[in-house]
Amino acid sequence: MSLIELHYDVPGDDFTRAGEASGSVKAQLKKLGFDPGVIRNVVIALYEGEINMVIHAGGGEIDVSIDPDQIRMVLRDHGPGIPDVALAMQEGYSTAPDNVRALGFGAGMGLPNIKKYTDEMRIDTEIGVGTTMYLRVDVKN
Amino acid sequence: MKVREIQDVLSARIICGEEFSDREVFSACGSDMMSDVLAYVKEQAVLLSGLVNPQVVRTAEMMDMQCIVFVRGKQPDDSIVSLARERDIVLMTTDLPMFASCGMLYEKGLRGGAIR
């Protein structure tokens with residue numbers, strides 16, 4: 001059992017609210033006294049994931065487990081799935097429509113950014129069923 | 001560079017967070033693509049953007065950015081301003097375009113951060 005477990009439902013129909021869960025996790029980690037660098041790594045990865053859920057999957061769920069030595073995140077959606085994960089991991093590759101690009105996202109940096117800021121990133125995806133992303137950020141002394 | 005100096009250099013109008021004018025800003029990032037901003041790592045930075053939506057404030061929040069300058073006279077709506085107020089982020093707007101704004105701050109000694 002982790003020190004703290006948080007759960008969020010991410011609505012898929014309101015882009016303006018995307019980031020609420022990440023902001024809340026940030027506030028919690030700050031309150032718990034985590035290092036600012038660790039907090040930034042967690043919330044940037046989470047925020048990119050949250051944006052992806054809204055853009056591509058009609059929302060989803062986020063679970064965060066906070067321990068003193070690591071923070072684990074599970075982002076689960078029931079969207080269309082990712083046909084080619086290796087391709088999606090390439091910087092600049094994007095399937096986001098123009099209206100999403102106009103909002104400042106969809107540049108094909110989401111998944112690469114998540115990888116950069118985390119110590120572990122695993123994607124389980126099935127076409128027509130959904131995608132689950134497992135992320136871990138270690139607290140290094 | 002202090003927030004108030006950024007305001008002076010860019011002849012900008014502060015929209016909210018005037019009480020934080022004495023904050024020090026050590027680097028700057030100019031972009032309309034929020035994922036590019038999220039790939040940027042310097043602390044205590046100012047974000048210059050021509051994009052006006054709540055995600056600009058949320059991106060700054062995630063990056064611990066102190067101040068956002070909207071270029072080309074862009075004006076955020078009330079929901080964006082209240083989001084920034086809640087997070088103690090300074091918002092200002094300048095009539096200058098992005099290129100000139102970045103160039104003028106660079107000339108005054110402000111530098112960009114490293115890309116991770």
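In what follows, chains carry the letters A, B, and so on, assigned in the order in which the sequence lines appear, proteins first and then strands, with residues in each chain numbered from 1.
Contacts between Ser49(B) and chain A at a heavy-atom distance below 4.5 Å are absent for every atom of the residue. For chain B, no part of Ala27(A) is nearby; none of its heavy atoms comes within less than 4.5 Å. Both the backbone and the side chain of Phe105(A) come within contact range of chain B, judged by heavy atoms closer than 4.5 Å. For chain A, the nearby part of Asn53(B) is the side chain; its heavy atoms alone come within less than 4.5 Å. The contact between Ile51(A) and chain B is made entirely by side chain atoms (from C-beta outward), counting heavy-atom distances below 4.5 Å.
When atom types are taken as modelled, the side chain of Asp77(A) and the backbone of Ala57(A) share no donor-acceptor pair closer than 3.5 angstrom. A distance-only check finds no donor-acceptor pair linking the side chain of Asp138(A) to the backbone of Lys140(A) [under 3.5 Å].
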Enumerate, atom names and distances included, each donor-acceptor pair closer than 3.5 Å involving a side-chain atom of residues 59-66 of chain A, sequence neighbours excluded.
residue, atom, partner, partner atom, Å
Asp63(A), OD1, His7(A), ND1, 2.8
Asp63(A), OD2, His7(A), ND1, 3.4

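Counting heavy-atom neighbours within 6.0 Å of Asp78(B) CG, excluding the residue itself, gives a total of 12 or less. The number of heavy atoms from other shown groups lying within 6.0 Å of NZ (Lys74(B)) is above 12. Atom CD of Glu107(B) has 12 or fewer neighbouring heavy atoms from other residues, nucleotides or ligands inside a 6.0 Å radius. Atom CZ of Arg136(A) has more than 12 neighbouring heavy atoms from other residues, nucleotides or ligands inside a 6.0 Å radius. For CZ of Phe26(B), the number of neighbouring non-hydrogen atoms (other residues, nucleotides, ligands) closer than 6.0 Å is greater than 12.
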Test log, rule side chain to side chain contact (heavy atoms under 4.5 Å, CB included), inputs Asp95(B) and Arg13(B): CA-CA 9 Å; Asp95(B) 291 333; Arg13(B) 300 176 295 285; 3.6 Å; yes
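Heavy-atom pairs under 4.5 Å with chain A peak, among Arg58(B), Glu61(B), Met33(B), at Arg58(B).
Interface with chain B: from residues 91-100 of chain A, no residue qualifies, criterion being any non-hydrogen pair under 4.5 Å.
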